[in-house]
Each structure stands twice: as structure tokens, then as C-alpha cells.
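Notes follow once the structure below has been shown.
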Amino acid sequence: MLDTKLIQNDFEIVCEKLRKKKVGEEIIENLRTISLELKSNRALLEPLQAEQNASSKLFGAWAKEGKDINELKAKLSANKQKISELTKIVKNLEEKLSNIALGIPNLPDIDVPNGEDENDNVEIKKVLTPPTFDFTPKEHWEISDNLIDFERGVKLSKSRFSVLKNRAAKLERALINYMLDFNTKRGFSEVAVPYIVNRETLTGTGQLPKFEDDLFKIEGEELFLIPTAEVPVTNLFRDEIITETELPIKMTSYTACFRKEAGSAGRDTRGMIRQHQFDKVELVCIAKPDQSDRVFDEMVECASDLLTSLGLAHRHLMLCGGDLGFGAAKTIDLEVWFPGQNRYREISSISNTRDFQARRAKIRYKDGKKNRLVNTLNGSSLAVGRTMIAIMENYQRADGSFNIPEVLKNYM
RNA sequence: AGAGAGGUGUCCGAGUGGUUUAAGGAGCACGCUUGGAAAGCGUGUGUGGGGCAACUCACCGAGGGUUCGAAUCCCUUCCUCUCUGCCA
């Protein structure tokens, strides 16, 4: 959520920044109008409430002394009417305001490049060189004939579900353990969290109210399957005031993730790239505003080094404004090389949301006497399924089998 | 799932219609004291909004209602605990 004071006072700057994210000015204008209207109505309401409070106190005293209270009572009744009318107006405006405010995306950082979509993302650097083959490299589903069972995944559930067998199942498990250990050594403490969360939790991180269609909802309950560990882990601190000395808090968490992939019909239907259920090891950090850039770099480095340690060639991309997610002020994607597809594909996405989620989720820290909003950051380290198929493709041999990276051998 | 009890600030906890303007305690911060610390004493200390400020409004799980006035009474709902049932 954006700071309504910022919208009231620096309207032009907010519009300018949101243009990068392709948000129309009418929405911001509307938000500003309502917030100003709310402010003026509150200014009318509050003196009435003050009077009501004071007079009601008098009422008690007078009644005790046996004074005549009929006139006072009439006055207070009339005042009560006015208060209830104004309260209705104020409540209504508050609701309107929050409905609009919760649907407006975060402002991008100044160094975020302009651009329409993923084609305008800016490559920052490449790490490692893609391997060369003396045969035509295959795609992962050609390599993994007996290891990933797509047909039975569909039988059990529906399309975009799969079953891992034997060495693939074991590799998946090895990767989760390896990733968690790697992150823990970098100072991220491990947490295990629920996979089913409520509406408040999803509103805190920004998935709701706007993106309900992307979520699996539990029938008959106000509960949803998590689309990423970012949701429960960030919300660990919802409605809390953190002691300043505890910051930054750096966490890592393995969870399954569930996404409807509502908008991606027809994309990546073949193979394991885009599934309704997938495993991911996530990094989540809570930091003071002046720490968050440093923490962001640490997270990018952690995920990138993890890929390097697995011998996987990858590149860093700075997302342009048009491709930036709803809550992100700044995002760096890591894309790993897939020889079978002959291209780089996303395997990690690291974002700084600044105080966008913190304002929604009311995550604050004590700065001397003042409570201030923290910055929250999240990033994958890494998407496990995609890492597994990247290993299959990059370590494949001519006979259709594949090797296991050296660092994983102790985990297999 | 059924029955009972309960949800008050960072924590514990008092509070069944009118100085609650949320007591008291712990913790925390600062000061005094001390060679230093502890203890002791003093002061400060909930959240959110408006205002340069004095100050002011709202908030006692959430949402409605009754009343001139609600933490307190009524309704709805969520959650926690205990017992019973079920279950890995």
C-alpha cells in the first residue's frame, strides 16, 4: 500500500513513478480526492465527538447532583444524530479508500529502467559459460523418461501436475537440503511454516484482494494454499513491533507452492517448468530502510552463488517497470541456461518491496521512541523443480542419462 | 465435532453502565545513588489518525446494536484454553 500522505502532498511524483508501472493517473487522482474528502469529513466529525464526550460526562455529574437533565439530554440526542450520519460518511469513504489503495501497485525505485514487458529487462551480467555438447542436447522431458511421470500426475490431479520417481525424487529432496544448508551458512535462519493461510495474511503481502484468481482456495473456508513461502514468512511479523537491534532478520524457508497459473494457458504446457504445485526454497528479510539495499545485494549474491556452486550458467536481469510485480520496488531475476531450449529461463526472482508490504501488514520497528515501517524483501533461492531440470539438461550425456553436480553427491 | 471458560497495552493483570482521562505490577529507557554493578529511589513509557504545538479523535479479538454515556449490556463472528470425541 502506498502512503496516502505522499499521494496528498506529492501527487505528481507518485503519478510519474506509477507511469513506469503502467498505472493510469485517474486511479491516483481518485485516491487523492477521496483521501482529501475523508480528511475534511473527519475534521467535521471530531469536534462533534469531543462535544458529545464532554457533555456526557457532565450528564453523569448533573444526574448525581439532582439537576435538571432533560434539556441536556435533548441536545445530546440531536448531536448523536449528526454524529451517526457523519460516521456513516466517514466509514464509507474509508472503505472506498482502502479498496482503491489496496489495488495500487508499489512505486518503482528510481534506478528501475523504463520498459513495456520482459523484452525490455536489462541484463546486468552473465555468470559461467553455458556448456557445449558434441550432440544435440535434449529437453528435460526427453531425458527424464522414467523419472518424471507427467501422465500419472494428470491422472491423480489434472494438467500441470507431475510425479517424481527414483533418482528425480531423490534429487529434488537433495536439492532442498542442499539449498537450505547453503542459505543457513550465509546467515539465513531456517523456518518451517503453514501452507494454508488466511485472508489477512495474503492481504499483508499483496496477493489479495487483487489476485484471488491466481490462488487455490479451500472450499467453505476463508483459507488459501500459499503461492510462495514469502506469504507466511513475511507475515510472521504482521502486526508486530520489532526491537531495532534484532534487524535485519534474515530467514530461509522450504515450502511447496500452489498457483492456478490463471493467465498462462498454453504457456509451457510441456514439462516441469510451470506446474500448479512446485517446491521452492525462499529467502525473506526484514530490514531497516537504510539496511535494505545491502540486504538485497546479499540475497542476490546468495542465490547467484548457489547456482554457481551447482555449476549452472546464469544471468542477472534487472526488471523494467512494465515487468515489475505488484509489490516490488525493484526486482532482479536470475535466469539459468537450458541447453535443450537453447535459452535462459527464470529460476529466481529477488525483490525489495521497501515499505509496501510493511504498511499493509503493519510491520514496524522501534526507532528510539517512534515506530517506523520496516522494509521487506523476498527472493527464491531457488525454485527447486526448475533447478532439477536445469541440472538434467546441463549435465546430460549423449546416451540420455545425466550426471549429478559434485556438491550434491553427499546429499544423494 | 460437542460442553464449559476466556480474549484488556511489549508482557502479567484489575476492571459488570458515568473522574477508566484503562488501576497496579513486570520489562524497557533516562536520571540519582555506587569504585563498578545489583538493589533502592525518581521520571518516562500502548497503537493509529489530525495539528507547528498545546491538544484532540478513534481503538480493550473483529463486526453490528442498545444508551445522553459501553472494556463493561445484547446479537453475530473469529480465535485460545480445559474436558469429551475423532485422528498421524
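To find a chain, count down the sequence lines: A is the first, B the second, and so on, and within it residues start at 1.
- Side chains of A:Lys330 and A:Met318 form a contact here, defined as non-hydrogen atoms less than 4.5 Å apart.
- Counting non-hydrogen atoms of neighbouring residues, nucleotides and ligands closer than 6.0 angstrom, the NZ atom of A:Lys91 reaches no more than 12 such neighbours.
- Rounded to an integer number of Å, the gap from A:Glu37 CD to B:G50 P is 17 Å.
- Across the P atoms, B:G2 and B:U77 are found 12 Å apart, a figure rounded to whole Å.
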Which parts of nucleotides 53-62 of chain B does protein reach within less than 4.0 Å, heavy atoms only, written one letter per nucleotide 5' to 3' as B for base, S for sugar-phosphate only and - for none? ---SSS----
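- For A:Phe338 and A:Tyr344, the ring centers sit 6.0 Å or farther from each other.
- Remark: the separation of the P atoms in B:A5 and B:C73 is 14 Å, to the nearest Å.
- Base pairing analysis places B:A53 opposite nothing; no Watson-Crick or G-U wobble pair with both distances below 3.5 Å involves it.
- In this entry the distance linking CD of A:Glu221 with P of B:C78 reads 10 Å, nearest Å.
- Between A:Glu12 and A:Lys17 the shortest side-chain heavy-atom distance does not fall below 4.5 Å.
- Distance, A:Asp239 CG to B:G48 P: 11 Å, rounded to whole Å.
- Remark: B:G6 base-pairs with B:C79; criterion is Watson-Crick or G-U wobble with both hydrogen-bond distances under 3.5 Å.
- The partner of B:C87 is absent, by the rule that a Watson-Crick or G-U pair needs both atom distances under 3.5 Å.
- The distance between atom NZ of A:Lys88 and atom C1' of B:G65, rounded to the nearest whole Å, is 13 Å.
- A gap of 39 Å separates the P atoms of B:G17 and B:A53, to the nearest Å.
- Formation of a donor-acceptor pair under 3.5 Å by the A:Gln357 side chain with backbone atoms of A:Thr205 is found in this model.
- Spacing between B:G44 and B:U10 at atom C1', rounded to whole Å, works out to 16 Å.
- Distance CD (A:Glu94) to C1' (B:G63): 14 Å, rounded to an integer number of Å.
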Yes or no on side-chain hydrogen bond (donor to acceptor under 3.5 Å, both in side chains) for A:Glu222 and A:Asn198, after CA distance, side-chain angles and deciding distance? CA-CA 6 Å; A:Glu222 284 301 286; A:Asn198 59 33; over 6 Å; no
Applying side-chain hydrogen bond (donor to acceptor under 3.5 Å, both in side chains), run through A:Ser304 and A:Glu301 and close with a yes or a no. CA-CA 5 Å; A:Ser304 180; A:Glu301 196 178 295; over 6 Å; no
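- Pairing of B:A14, defined by two Watson-Crick or G-U wobble distances under 3.5 Å, is not identified with any nucleotide.
- When both distances must be under 3.5 Å, the Watson-Crick or G-U wobble mate of B:U20 does not exist.
- Computed from coordinates, the A:Lys362 NZ to B:G46 C1' distance equals 16 Å when rounded to whole Å.
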Between protein and nucleotides 86-88 of chain B, what N or O pairs are separated by less than 3.5 Å?
none

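- Spacing between B:C32 and B:A70 at atom P, rounded to whole Å, works out to 46 Å.
- With both ends at atom C1', the span from B:U21 to B:A29 equals 24 Å, rounded to whole Å.
- The aromatic rings of A:His276 and A:Phe161 lie tilted to each other, with the angle between the two planes from 30° to 60°.
- Proximity of a side-chain donor or acceptor of A:Ser349 to a complementary backbone N or O of A:Asp333 within less than 3.5 Å is not detected.
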Scan nucleotides 66-73 of chain B against the protein and return all N/O pairs shorter than 3.5 Å with their distances rounded to 0.1 Å.
residue: B:C68; atom: O2'; partner: A:Ser56; partner atom: OG; Å: 3.3
residue: B:G69; atom: OP2; partner: A:Lys80; partner atom: NZ; Å: 3.3
residue: B:G69; atom: O4'; partner: A:Ser56; partner atom: OG; Å: 3.3

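- The listed nucleotides are B:U21, B:G51, B:U47; the one nearest the side chain of A:Lys39 is B:G51.
- Put simply, the side chain of A:Lys260 does not reach to within 4.5 Å of the side chain of A:Leu215, judged on heavy atoms.
- Side-chain contact between A:Asn235 and A:Glu200: absent, with no pair of heavy atoms (C-beta onward) separated by less than 4.5 Å.
- Looking at heavy atoms from C-beta onward, A:Arg360 lies in side-chain contact with A:Leu102 at the 4.5 angstrom threshold.
- As the counterpart of B:C28, B:G44 is assigned, both hydrogen-bonding distances of the Watson-Crick or G-U wobble pattern falling under 3.5 Å.
- At the heavy-atom level, A:Ile241 lies under 4.0 Å from the strands shown only through sugar-phosphate atoms.
- In this entry the distance linking CG of A:Asn9 with C1' of B:G49 reads 14 Å, nearest Å.
- Residue A:Asp3 contributes atom CG, which lies 13 Å from atom C1' of B:G48 at whole-angstrom precision.
- Taking the side chain as every heavy atom from C-beta outward, A:Met272 and A:His140 approach each other to under 4.5 Å.
- Comparing the same atom, P, in B:U16 and in B:A71 gives a spacing of 13 Å after rounding to whole Å.
- Separation of the P atoms belonging to B:G24 and B:A14 is 15 Å when rounded to the nearest angstrom.
- A side-chain contact (heavy atoms from CB on, under 4.5 Å) with A:Asn378 is found for one member of A:Thr353, A:Thr331, A:Leu283, A:Thr228 and no other, namely A:Thr353.
- Base pairing of B:U33: no nucleotide in any strand meets the Watson-Crick or G-U wobble criterion (both distances under 3.5 Å).
- In terms of position along RNA chain B, the nucleotide closest to A:Leu58 lies nearer the 5' end than the nucleotide closest to the other residue of the pair A:Arg364 and A:Leu58.
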